[in-house]
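We count ligands from 1, going down the list as the structure has it; atoms in each ligand are counted the same way. Here the structure is a predicted model, which is why all the values come from computation and not from measurement.
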Amino acid sequence: MATAMDIWGDYFTIAKWQDFVAGALESGSSYPVFNINPNDAREFDAIYLGGGAAGRFGAAYLRALGGRVLIIDRWPFLGGSCPHQACVPHHLFSDCAAQLMLERTFSGKLWFQDLNDKMVSIKAIVELFRSGRTGPHAMMNYQSKEQLGLEFVLNAEAKIIDAHTIQVNDSQFHAKNLVLALGAKPVVPDVPGIQLKGVFNSQSLVEKLDYEPGNTAVVIGGGKTAIEYGCFFNATGRRTIVVARHQAMPMLKDAESRAYAIKMMEEQGMEFLENAELSVIHGDAQGKVKTVSIKTSDGIIDIDTDFIFIAIGEQANSEQAAQTLGLELDDKSAIKVNRRMQTSLANVYAVGDVTGPPMEMFKARKEGVCAAKNIMGQVSEYKAADYPDFMHTHYEICWLGLSEAQARERYANVKIMKLPPDNPNGLDVGLPAGDRMMLYLMAKPRMSGFQKLIIDGDTRKIVGAIHIGYGAKDGFQYLNYLVKNGVTIDDLADMDELFISPSYFIQLCRLRAGDIHFNDM
Ligand code: FAD
Ligand code: COM
């Protein structure tokens with residue numbers, strides 16, 4: 001059995017880290033790995049409890065400011081849930097969904113194999129992820145240790161003793177400040193049958209799936225994770241039913257864009273039960289899911305399935321901190337913080353998913369950095385607002401700013417530029433199109449995407465943008481910054497498009513740039 005390791009001073013290559021992480025995950029044994037500088041006698045300015053996006057970025061910044069910082073994490077790697085159970089598997093599954101939609105659209109044509117009536121293995125893709133994820137894990141460890149010089153303890157559950165002290169096995173660590181970066185976990189609904197084999201969430205799917213799901217997947221939830229994973233299950237060739245308590249995909253506020261996204265999912269065979277709720281999960285004699293009962297406005301619907309995916313939200317990992325330190329929580333159990341990331345105890349900070357929504361990487365990382373600055377004597381405030389957002393269906397969907405309806409409430413003279421434009425052929429028009437969309441453009445134009453720019457016609461400022469297709473996500477990160485700084489259609493018109501680019505906003509603006517009273521298009 002492995003025992004505690006002290007690795008400060010040892011050079012770990014990425015390959016060595018990968019072997020180490022794979023071994024530790026496989027054996028499941030928790031023996032602490034100490035990477036602590038024995039030659040630094042300074043007290044820690046902070047312990048980041050949790051080394052995910054929030055903890056790792058915060059600690060790196062604190063060290064960059066000249067402070068001494070320790071990260072403690074129960075996993076044998078840094079980077080947290082993103083590479084292990086969240087963003088990375090989600091992007092893998094969404095890549096598969098996009099690829100499979102293309103292959104199914106062209107099934108038996110050109111060079112594409114015949115995929116009609118063929119199911120693709122979910123288990124094989126999950127196993128591919130499980131063995132491949134140690135690559136990113138190793139990279140995070142290498143970067144943290146060799147490039148950023150961070151001190152950390154890994155592979156060890158931490159216990160909070162008080163607002164300055166953390167215990168790992170028999171060792172105690174003290175710091176001037178404590179930063180809770182403990183993340184969140186999927187909400188588990190309290191319904192009969194929830195413990196049956198065959199009921200998964202985003203964590204257990206990648207950790208525990210050990211059989212090939214049958215031909216029907218039932219997804220509970222209408223949010224990002226539900227839709228993203230649902231589209232993947234659908235693309236593998238399974239009947240997929242999404243059960244949403246209210247509306248599916250409510251986060252995409254622009255009604256017309258949402259309608260396009262839902263229509264395209266339905267055309268891929270996705271089924272939606274809205275205003276519906278999981279009622280009971282029934283099992284067979286072996287304790288495996290057999291049927292699920294869904295409560296709808298028309299009564300109970302029973303669906304035969306051996307595979308249920310539950311994605312009804314995430315809940316902060318706040319229990320231990322709340323109990324031990326008596327911190328104030330909000331009504332959803334997230335740790336309450338002020339804009340400097342301080343909890344109800346001044347030297348205890350909380351960052352990332354543990355402080356509640358939006359549960360996104362940029363917010364976790366920026367909160368981690370904000371806490372670091374305050375701990376090191378700067379005054380720094382942060383509250384996530386006016387950010388761009390994205391999710392996947394079989395497509396990549398990005399949005400920023402206001403929906404058309406929101407813009408019309410706020411501005412008297414709203415102008416719209418969109419592709420396809422309103423026209424007698426509806427969606428059956430081969431625009432927009434761009435990288436990864438050209439085959440659809442030629443063979444099935446209605447699948448070639450949708451995009452919309454929302455403008456305040458009086459100031460000519462962009463107030464909202466949406467893109468459904470592929471390849472625009474990168475641009476939306478920068479576009480949002482410009483929009484927040486008041487970019488106009490005339491500014492966009494002055495930019496240099498890399499034609500053919502997936503979002504046509506620059507050229508659409510240039511076509512109107514000289515026209516003071518331009519029309520919707
Ligand atoms: P985490 O990364 O969860 O880190 C918390 C850390 O605390 C973990 O490493 C854990 O091991 C450690 N820990 C907890 N308790 C203890 C303890 N007692 N002792 C020691 N260590 C402990 N966001 C995006 O921006 N893009 C995406 O594409 C995206 N996809 C997602 C897909 C899914 C399915 C999910 C669920 C989320 C997704 N997110 C995405 C959100 C993103 O993953 C989170 O916002 C982000 O990982 C939060 O980082 P964090 O540091 O707050 O928490
Ligand atoms: C990315 C993990 S997968 S982290 O945010 O760089 O730590």
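Summary of contacts: the protein heavy atom closest to atom 2 (C) of ligand 2 is Gly79 O, 3.6 Å. The protein heavy-atom contact nearest to atom 2 (O) of ligand 1 is Ser81 N, 3.0 Å. For atom 45 (O) of ligand 1, the nearest protein heavy atom (residue, atom name, distance) is Asp353 OD1, 2.8 Å. Ranking the protein heavy atoms by distance from atom 3 (S) of ligand 2 puts Cys82 SG, 2.9 Å first. Among protein heavy atoms, atom 53 (O) of ligand 1 sits closest to Gly183 CA, 3.3 Å. Closest protein heavy atom to atom 34 (C) of ligand 1: Tyr229 OH, 3.5 Å. Of the protein's non-hydrogen atoms, the one nearest atom 12 (C) of ligand 1 is Asp73 OD2, 3.3 Å. If you check which protein heavy atom lies closest to atom 4 (O) of ligand 1, you get Gly52 CA, 3.5 Å. Annotation: atom 41 (C) of ligand 1 to nearest protein heavy atom, Met359 O, 3.3 Å. Taking atom 37 (C) of ligand 1 as the reference point, the nearest protein heavy-atom neighbour is Ala86 CB, 3.5 Å. Counting protein heavy atoms only, atom 4 (S) of ligand 2 is closest to Arg365 NH2, 3.6 Å. Among all non-hydrogen protein atoms, the one lying nearest atom 7 (O) of ligand 2 is Arg56 NE, 2.7 Å.
Both the backbone and the side chain of Met361 come within contact range of ligand 1, each with a heavy atom under 4.0 Å. Looking at Phe57 against ligand 1, nothing comes within 4.0 Å, counting heavy atoms. The part of Ala364 lying near ligand 1 is the side chain, judged by heavy-atom distances below 4.0 Å. Only the side chain of Glu314 comes within 4.0 Å of ligand 1, counting heavy atoms alone; its backbone N, CA, C and O stay farther away. Only side-chain heavy atoms of His91 come within less than 4.0 Å of ligand 1; its backbone N, CA, C and O stay farther off. Of the heavy atoms in Ala54, both backbone and side-chain atoms come closer than 4.0 Å to ligand 1. By the criterion of a heavy-atom distance under 4.0 Å, the backbone of Ala181, and not its side chain, is placed next to ligand 1.
Taking the side-chain hydrogen bond (donor to acceptor under 3.5 Å, both in side chains) definition, one finds that Gln315 meets it with nothing, sequence neighbours left out. Legend: residues meeting side chain to side chain contact (heavy atoms under 4.5 Å, CB included) with Asp45, ordered by chain and number and at least two apart, are Leu62, Arg68, Lys176, Ile375, Met376.
Side chains of Arg238 and Thr240: a donor-acceptor N/O pair is absent below 3.5 angstrom, by distance only. For Gln451 and Ser503, the side-chain atoms include no donor-acceptor pair closer than 3.5 Å. A donor-acceptor contact closer than 3.5 angstrom links the side chains of Arg56 and Ser144.
Note: Tyr211 and Phe200 have tilted aromatic rings, judged against thresholds of 30 and 60 degrees for the angle between ring planes. Using cut-offs of 30° and 60° for the angle between ring planes, the Trp75 and Phe77 rings count as parallel.
Partner Asn234 forms a side-chain hydrogen bond (donor to acceptor under 3.5 Å, both in side chains) with one of Arg239, Glu271, His394 and no other, that one being His394.
Cation-pi contact between Lys366 and Tyr382: absent, since separation from the ring centre below 6.0 Å together with deviation from the ring axis within 45° is not met.
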Test ring pair (Phe, Tyr, Trp, His ring centres under 6.0 Å) applied to Phe309 and Tyr229, step by step: CA-CA 8 Å; Phe309 183 79; Tyr229 283 57; 4.8 Å; yes

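With hydrogens and angles disregarded, no donor-acceptor distance shorter than 3.5 Å links the side chain of Tyr48 to the backbone of Phe57.
No salt bridge links Lys123 with Glu212; every basic N to acidic carboxylate O contact stays at or beyond 4.0 Å.
You'll find the ring centres of Phe12 and Tyr142 outside the 6.0 Å limit.
Distances from ligand 1 to the non-hydrogen atoms of Ala156 include at least one value under 4.0 Å. In this structure, Asn317 has no heavy atom closer than 4.0 Å to ligand 1.
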